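Since the structure is predicted, the reported quantities are computational estimates derived from the model, not experimental observations.
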Amino acid sequence: MKKKSISLIIWLMSIALLGVVAMQYYFIRETYKQNSILFDEAVNASLAKVAGEIEKTEVLEYAKIQSKANQVKYEVEQEKQKRLAKQLDIQQQIEKLRLQQYMAYQKFKDAEESLKSTFPNAAPIYNWFYETYYRKKSNRDLIEITVEFEQLPGSTMVDNYTNVSAKKEVPRIEAKDDSMRYVIPHIELGSRNINSYQIATLPPRGDEGIALKIMELNAELKKLNFEFLADAKNVFDTLAAIGGKKAGVVEDVAASMEMANRPLEQRLNQALLERLLISELASRDIHSPFRMEIRDKYRLLYPLSHVEDTHAHEKLTPYSTALFKGDIGESTGKLTIYFLNKRAVIVDNMSYLILPTLALFALLIGCFAYTLSIVFRQKKISEMKTDFINNMTHEFKTPVATIMIASESLRDPEIATNEARVNKLANIIYDENVRLGSHIERVLNIAKLEKENIKIERTEVEINPLLENVLDSMQLQLQKAEGTLTTELLAENDTVIGDELHLSNVFFNLVDNAIKYSTAPPNITVKSRANKSNIIISVSDKGMGMTREQQEKIFDQFYRIPTGNVHNVKGFGLGLSYVHDIIKRLDGKIQVKSEKDKGTTFEVTLPLKSGKY
C-alpha cells in the first residue's frame with residue numbers, strides 16, 4: 001500500500017472520528033440544557049407546593065386555636081345565656097364549614113398546580129361548553145383550539161396561551177356538575193399545529209352544598225343577633241353583644257390581619273419547612289443538598305450556613321417563592337434555596353447517556369488504533385516480502401548462472417575430451433544443484449510450518465553428539481572465514497524428545513548466523529548445560545550485535561538485520577523464524593541477548609526426557 005493511500009485512510013478515519021465526537025458532544029450539550037430546564041421547573045414547583053403547605057398548616061392551626069377558644073367561651077356562657085350558646089354553636093358550625101370549604105378549594109388548587117406544571121398550555125372551559133360541545137359527540141367538530149403567542153411587555157420573551165372557542169353556536173346544554181374542566185392541547189414540536197387534545201376534570205373550586213349551608217347559618221345567626229340586640233336594656237349591653245360575638249366578614253378580616261401581623265419567625269417552623277422541602281424535592285427525584293434562606297420585608301431571618309465565599313454564593317442560581325400569599329396586602333416573607341452542585345446533579349442524572357458514550361468513544365479509538373497498526377504491519381510485511389523476493393532471486397541466480405556456465409563448457413569438444421575437467425565441471429554442477437535444492441528446501445519448510453503440515457518426529461535425541469556432528473560439518477565453512485570455535489558441552493544428561501533432523505537444522509542456522517554476522521574473523525562459543533528438568537544450549541559470537549528494537553523482530557519471517565549498502569550477508573530472513581517455530585513445537589524456548597558491536601548469544605532451552613539432573 002502506498003504512503004499516500006495510508007495517509008488518506010488516516011485522514012478519513014480521523015475526520016469520521018472527530019465527526020462522531022462532535023455530534024455526540026452536541027447531543028449531550030442539548031440534553032444537558034433540557035435537563036437543566038426540567039430541573040428548574042421541578043424546583044420551582046416544589047417551592048410553590050411547600051409554600052402552600054406552610055400556609056395551609058398555619059390556617060389549620062389557627063382554626064384549631066380559634067375553635068378551642070370558642071369552645072371555652074361557649075362553656076362559660078352556656079349557663080348564663082342559652083341563646084348565646086346557640087350563637088356560638090352556629091358560629092362554630094360556620095367555621096368548620098368554612099374550613100371544609102377552604103380544604104375543598106385547596107384540593108382544587110393543588111390539582112390545578114399539578115396540572116399546570118405538567119401541561120402549561122392547559123386552558124379552562126365552562127361546564128356548559130363541555131356539556132354542549134364535547135360531551136355531545138356530534139358537536140365535537142365545532143370545537144376550535146388555537147395557540148396564541150404574544151411578546152411580554154418590556155421583554156424579548158414570548159408567552160403563549162391556548163384559546164378554546166366554538167366555530168358555530170348551538171343550543172346550550174346546562175352544566176350537570178360544578179367540576180372544573182381544562183382542555184389540554186398536544187402541540188406538534190416546533191410549530192403551532194395541534195395534533196390532538198384531551199379533557200382533564202378537576203375537583204370543583206368549592207362545595208355548593210357547603211356554601212348554601214353557610215348562607216343559611218349566617219341568616220340564622222343574623223336573626224339571633226338581631227333578637228339579642230333587641231333584648232339589650234342599655235348601651236353597655238349593646239356593646240357587649242356587638243363586641244366579639246358577631247361572626248361574618250369583619251371577624252374574618254380581623255383574624256386574617258391578626259395572623260399577618262405576627263412576626264414571620266413566629267409563623268414559620270423552620271425544621272418543618274426544611275423537611276417539607278427535602279420530601280418534595282425527593283418526590284421529584286432531586287436528592288441534592290441545598291442551602292436555604294428566609295427573609296421578611298426588612299431582614300434575613302434564616303441565613304445560609306457555612307458559606308464563607310460570598311463570591312461563590314453570588315454565582316449560585318437562586319430559586320425563590322413568596323410565603324403566605326393569602327395575606328391581605330403584600331406578602332410578608334420570601335423563601336430562597338441554592339444548590340451548590342446543580343451541575344453534578346444534572347450530570348449524574350445523565351450518566352445513563354454519558355457512560356455508554358464514553359465506552360463508544362473508547363471502542364472507536366481502539367478500533368482506529370488497531371486498524372492503523374494492522375495497516376502499518378501489512379505495509380511492513382509487504383516490504384519484507386519484497387526484500388525476500390529480491391534476496392531469493394539473487395540467491396537462486398548465482399547457482400543457476402554457475403550451472404549454465406559449466407553446462408556450456410561441457411559442450412566444448414576440447415573440454416569434453418578432458419576427463420579431469422569434465423569431472424570438475426560435473427562436481428560444480430552437482431554442488432550448485434545441492435545448494436539450489438537447499439534454498440528451495442528451506443523455503444518449502446517455512447511454507448509447511450505456516451500451514452502446519454511439517455512432520456515432527458518424536459524420538460530420543462542426544463544433544464551433545466548432535467551438536468558435535470553439526471559443528472564438524474561446519475568446520476570447512478569456519479576455516480574459510482578464518483574463525484575459531486570453542487565448545488563446552490558440559491551437560492551430563494542431554495537426552496530430549498525431539499526431531500533429530502530439525503534440531504540439526506536449528507543449531508546449523510544458529511552457528512551459520514554467528515559466522516555470517518561477524519565483522520571480523522568469527523569467534524564462536526557453543527555450550528551446553530543441564531538443570532533438574534531442562535538442557536540449555538547457547539551459541540555466542542563477538543560479531544556486530546543487535547539493538548533492542550532488532551532483537552524484538554529477529555524471529556519474524558523475512559526480517560533481516562540491515563547491513564547498509566553492503567550485501568555480503570546472504571539469506572532470506574527465514575532461518576530464525578524457522579528456529580523459533582521448531583523450538584516452540586518441541587515445547588522449548590529460545591532467548592537472545594545482544595549488545596551492539598559486542599556480540600550476540602542465543603540460548604535454547606529444551607525439556608529433558610527424564611526431567612532429572
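- The environment of CZ in Arg548 is sparse: at most 12 heavy-atom neighbours from other residues, nucleotides or ligands sit within 6.0 Å.
- The two atoms that bring Asn464 and Asp494 nearest to each other are N-OD2, 3.1 Å, heavy atoms only.
- Atoms CG and CD1, on Asn163 and Ile145 in that order, are 10.0 Å from each other to the nearest 0.5 Å.
- Partner of Leu586 under the side chain to side chain contact (heavy atoms under 4.5 Å, CB included) criterion, out of Asp581, Val506, Leu503, Val604: Leu503 alone.
- Checked by atom type and distance alone, the side chain of Lys598 never pairs as donor or acceptor with a backbone atom of Gly545 at under 3.5 Å.
- Looking at every heavy atom in both residues, Pro607 comes nearest to Asp587 through CD-O, 3.6 Å.
- Comment: Arg284 engages Glu280 in a salt bridge, judged by a side-chain N to carboxylate O separation of less than 4.0 angstrom.
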Passes salt bridge (charged side-chain N to carboxylate O under 4.0 Å, His left out), Glu603 versus Arg529? Steps please.
CA-CA 11 Å; Glu603 193 172 83; Arg529 68 181 191 279; 3.8 Å; yes
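- When side chains are defined from C-beta on, Tyr197 counts as touching Ile143, because their heavy atoms get closer than 4.5 Å.
- Annotation for Met546 and Ser594: closest pair N-OG, 2.8 Å, computed over non-hydrogen atoms.
- Contact record, Arg585 with Arg458: O-NH2, 2.8 Å, taken as the closest heavy-atom pair.
- Within the 4.5 Å cutoff, the side chain of Val43 has no heavy atoms near those of the Phe290 side chain.
- For the 3.5 Å distance criterion, the side chains of His502 and Glu457 fail to qualify, holding no donor opposite an acceptor.
- No option in Thr201, Leu115, Leu202 other than Leu202 meets the side chain to side chain contact (heavy atoms under 4.5 Å, CB included) test with Met180.
- For the pair Val461 and Thr459, the minimum side-chain heavy-atom distance is below 4.5 Å.
- A salt bridge is absent between Lys116 and Glu113; no separation between the charged side-chain nitrogens and carboxylate oxygens falls under 4.0 Å.
- Using a 4.0 Å cut-off between charged nitrogen and carboxylate oxygen, Glu293 and Arg291 do not count as a salt-bridge pair.
- If you check the side chains of Tyr319 and Asp40, you find a donor sitting under 3.5 Å from an acceptor.
- Between the side chain of Ser518 and the backbone N or O of Ala514 there is at least one donor-acceptor pair closer than 3.5 Å.
- Between the NZ atom in Lys532 and the CG atom in Asn493 there is a gap of 14.0 Å [rounded to 0.5 Å].
- Here the closest non-hydrogen pair linking Pro318 and Tyr338 is CB-CE2, 3.5 Å.
- Few gaps surround NZ on Lys56; more than 12 heavy atoms of other groups in view lie less than 6.0 Å from it.
- One distance of note links CG of Leu323 with NZ of Lys334; it measures 10.5 Å at 0.5 Å rounding.
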